[in-house]
Amino acid sequence: MGIGASIFLIALGAIFAFAIDADLGWLNLNVVGWVLMLAGVAGLLTTLYFWNSRRRVVPAPVREQVVAEPVVPVRDDRVVREEYREVRRPGSGYPA
């Protein structure tokens, strides 16, 4: 229903129940006012309940990441455990 419509029904019901003093014979405006106020309160409570249920924090799903294993060079069906690196340092005898 919404908060605005609920407050409108409560206000309209209060006007009918307390401010209008008319005799229509077959329709009692006091009862109509009380019914409108009850409907407004019920709508307000329902709206607030659904607003609170929407604002609950839901934890984000956990994403699993597959990490590839490091590539190990294989030579003749043997795993090579050694790796050769040549490190050249500047100023170690290279011509400029």
Side-chain angles (χ1 to χ4, degrees):
M1 176 183 292
I3 293 176
S6 299
I7 292 174
F8 176 75
L9 284 179
I10 292 170
L12 187 64
I15 290 170
F16 279 160
F18 305 121
I20 295 178
D21 189 23
D23 185 20
L24 298 178
W26 57 275
L27 183 63
N28 189 352
L29 290 180
N30 289 335
V31 174
V32 171
W34 281 103
V35 168
L36 287 176
M37 283 194 292
L38 288 175
V41 168
L44 183 65
L45 292 176
T46 305
T47 301
L48 291 177
Y49 173 76
F50 282 116
W51 270 28
N52 285 334
S53 66
R54 277 195 307 178
R55 294 180 186 215
R56 289 191 185 134
V57 177
V58 177
V62 177
R63 295 184 182 196
E64 294 182 13
Q65 183 178 6
V66 178
V67 179
E69 294 183 18
V71 178
V72 178
V74 177
R75 185 179 346 156
D76 300 328
D77 295 331
R78 293 179 299 154
V79 176
V80 178
R81 298 277 180 197
E82 297 178 12
E83 180 178 326
Y84 174 75
R85 262 188 212 180
E86 184 177 326
V87 179
R88 295 183 183 177
R89 295 188 179 109
S92 62
Y94 293 111

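Here, residue 1 is the first one in the sequence, and each next residue gets the next number.
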Pairwise distance CH2(Trp51) to OG1(Thr47) - rounded to 0.5 angstrom: 8.0 Å
Least distance between heavy atoms, Gly33 atom then Phe16 atom: CA-CB, 3.6 Å
Closest contact, heavy atoms only, Gly43 versus Ser6: C-OG, 3.3 Å
Those residues that, when tested against Leu38, pass side-chain contact (heavy atoms from CB on, under 4.5 Å) (two or more places apart): none
Partner residues of Ala14 under the side-chain contact (heavy atoms from CB on, under 4.5 Å) criterion, sequence neighbours left out: Phe18, Met37
Sequence-distant partners of Phe8, ring-ring contact (aromatic ring centres under 6.0 Å, His included), two or more places apart: none
Cluster check Val32, Leu9: I/L/V/M/F/W/Y, side chain < 4.5 angstrom: yes
Would you give me the side-chain donor-acceptor pairs under 3.5 Å for residues 23-30, sequence neighbours excluded?
from: Asp23; atom 1: OD1; to: Gly25; atom 2: N; distance (Å): 3.3
from: Asn28; atom 1: OD1; to: Asn30; atom 2: N; distance (Å): 3.2

